[in-house]
Amino acid sequence: MRKFTYNRTLLFVLTLVLILSVALALFRPGSQDPRGMSEAEFVWRKINMTHSADVVLAGDSRMANNVSPGHVAQAFPDLKVLNCAFKGQKMSEKYFRYLTGCLKPDSREKTIVIGLSNTNLYMVDEKVFASDFDSYAPEEFHSALAFRLTDMFAPLSGPEMNIMLRRPSGVIRYQIMHPDGWIELVAEDKKSYFSGWLEKVVPKDNSEKINEGVAFLERWSAHWSKLGIRVIFFQQPLDEDTWKVATLQGYNKERIKKQLTAAGALWLEDVPKTDGAVTLNNYLESDSAKLFSTALGQNLAPLLGR
């Protein structure tokens, strides 16, 4: 009898906790401070930036961290620019449909700017790694309740400490997540470093996968052109060590450029230099990212008729 009463009490408590959790998740307001929002909330907001931009910036975490839409837009303030890049993002039909949907239907300057590198020019392989977008994509993560529950149990963060990362070199940094999709990286010691992790985890020869990714980009470039969407590619700045890895992988910028421009895309030749910038494994620290983004916007302006 006593055991039965204990089990009923335990079941009641667990049920009550579940009900309260759901209620909190549904009715708790989101973070009002963009620097303090959880990563789940940031990604969810980013995924739902539909029909809201003239120019979208796309790619992987280097684009997400290195390019500030606000600073890019200084060169064409009449256009709305959003950063729609995600950590670990690679090529997929779902991601490219999302990019298309982020553009304003009535915009006369629909533009998609994609930053390429040796680590994002592959098709999505969900068995190996899922990006933030693939993890929270609308098809699987459409429920407001699911978002709220995920957000509620995510680590809480103060206004200046969303994610703390400590590297072997002793670098301490934090990320500030902005409503326009930019992830601002702040390093306390302002020193550049390259840990050498890339050579250890990336296969040496990825020529076949790179060719598959380029063919996919060719098809989508032609598709976007037919829709009246301008697509611009550029080579993201990489340090010397990463370029060595890219070459071993079979990454050939000139060949990629030739194929994509033949499919109707534009190629930005004049990419701002990052010599002297503070970089952490090719990620630009806040001040360097702002300078790079401002220059990138100025260089993009002529391709946008500005």
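Treat the numbers as computed from the prediction; the structure is a model and nothing was measured.
Using modelled atom types, one side-chain atom of Gln236 and one backbone atom of Gly115 make a donor-acceptor pair closer than 3.5 Å. No donor-acceptor pair under 3.5 Å is formed between the side chain of Arg97 and the backbone N or O of Tyr95. Within the 3.5 Å criterion, the main-chain N or O of Leu103 finds no donor-acceptor partner in the side chain of Ser107. Judged by distance alone, the side chain of Lys110 and the main-chain N or O of Pro105 form a donor-acceptor pair under 3.5 Å.
Met91 has its side chain within reach of Leu217: a pair of non-hydrogen atoms, C-beta onward, lies under 4.5 Å apart. When side chains are defined from C-beta on, Phe216 does not count as touching Ser92, because their heavy atoms never get closer than 4.5 Å. Side-chain contact between Leu296 and Phe234 is present, with heavy atoms from C-beta onward closer than 4.5 Å. Considering only heavy atoms from C-beta on, Glu254 comes within 4.5 Å of Asn252 through its side chain. Looking at Thr100 and Ile229, their side chains come closer than 4.5 Å, going by heavy atoms from C-beta outward. With contacts defined as side-chain heavy-atom distances shorter than 4.5 Å, the pair Gln259/Val214 qualifies. Side-chain contact between Tyr98 and Cys84 is present, with heavy atoms from C-beta onward closer than 4.5 Å. For the pair Phe76 and Gln298, the minimum side-chain heavy-atom distance is 4.5 Å or more.
Partners of Glu184 by salt bridge (charged side-chain N to carboxylate O under 4.0 Å, His left out), not counting sequence neighbours, listed by chain and number: Lys290. In this view, Asp106 satisfies the salt bridge (charged side-chain N to carboxylate O under 4.0 Å, His left out) rule with no residue, not counting sequence neighbours.
Here OH of Tyr251 is found 13.0 Å from OG of Ser207. Values are rounded to the nearest 0.5 Å. Expressed to the nearest 0.5 Å, how far CD1 of Ile112 lies from CG of Leu266 amounts to 12.0 Å. Note that the CD1 atom of Ile114 and the CG atom of Leu99 stand 6.5 Å from one another [nearest 0.5 Å]. The line from NZ of Lys258 to CZ of Arg255 is 11.0 Å long, rounded to the nearest 0.5 Å. Atoms CG and OG, from Asn66 and Ser288 in turn, are 9.5 Å apart once rounded to the nearest 0.5 Å. Here the straight-line distance linking atom CZ of Phe233 with atom NZ of Lys253 works out to 14.5 Å at 0.5 Å rounding.
Heavy atoms only, all atoms of each residue included: Ser221 and Ala265 are closest at OG-CB, 3.8 Å. Here the shortest heavy-atom pairing between Lys46 and Gly181 reads NZ-O, 2.7 Å.
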Scan the side chains in residues 67-75 for donor-acceptor partners under 3.5 Å anywhere in the protein, sequence neighbours excluded, and list what turns up.
{"residue": "Ser68", "atom": "OG", "partner": "His71", "partner atom": "N", "Å": "3.4"}
{"residue": "Ser68", "atom": "OG", "partner": "His71", "partner atom": "ND1", "Å": "2.8"}

>> Apply side-chain contact (heavy atoms from CB on, under 4.5 Å) to residues Cys102 and Leu82 and explain how you reach the verdict.
In response: CA-CA 9 Å; Cys102 287; Leu82 292 175; 5.7 Å; no
>> For Arg230 and Ile232: C-alpha separation, side-chain torsions, deciding distance, then whether side-chain contact (heavy atoms from CB on, under 4.5 Å) applies.
In response: CA-CA 7 Å; Arg230 179 192 296 113; Ile232 303 172; 3.9 Å; yes
>> Assess the residue pair Asn299 and Leu268 against the criterion (side-chain contact (heavy atoms from CB on, under 4.5 Å)); give the C-alpha distance rounded to whole Å, side-chain angles, the decisive distance to 0.1 Å, and a yes or no.
In response: CA-CA 8 Å; Asn299 296 348; Leu268 178 65; 4.2 Å; yes
> Would Asp54 and Arg108 satisfy salt bridge (charged side-chain N to carboxylate O under 4.0 Å, His left out), going step by step from the backbone distance to the final call?
Replying inline: CA-CA 8 Å; Asp54 299 289; Arg108 295 183 178 181; over 6 Å; no
>> With salt bridge (charged side-chain N to carboxylate O under 4.0 Å, His left out) as the criterion, how do Lys104 and Glu109 come out once you've worked through the C-alpha distance, each side chain's angles and the decisive distance to 0.1 Å?
In response: CA-CA 9 Å; Lys104 297 177 183 177; Glu109 298 291 349; over 6 Å; no
> Passes side-chain contact (heavy atoms from CB on, under 4.5 Å), Asp60 versus Ser117? Steps please.
Replying inline: CA-CA 9 Å; Asp60 57 11; Ser117 74; 3.4 Å; yes
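Using a 3.5 Å distance cut-off with no hydrogens or angles, the side chains of Trp220 and Glu93 do pair a donor with an acceptor. At a cut-off of 3.5 Å, with distance as the only test, no side-chain donor of Tyr283 or Gln175 sits close to an acceptor on the other residue.
In the hydrophobic clustering of ILVMFWY residues, with side-chain heavy atoms under 4.5 Å counting as a link, Leu284 and Val271 come out together. No chain of hydrophobic side-chain contacts below 4.5 Å, direct or via other Ile, Leu, Val, Met, Phe, Trp or Tyr residues, connects Trp182 to Ile176. No continuous path of ILVMFWY side-chain contacts below 4.5 Å connects Met63 to Leu291, so the two sit in separate hydrophobic clusters.
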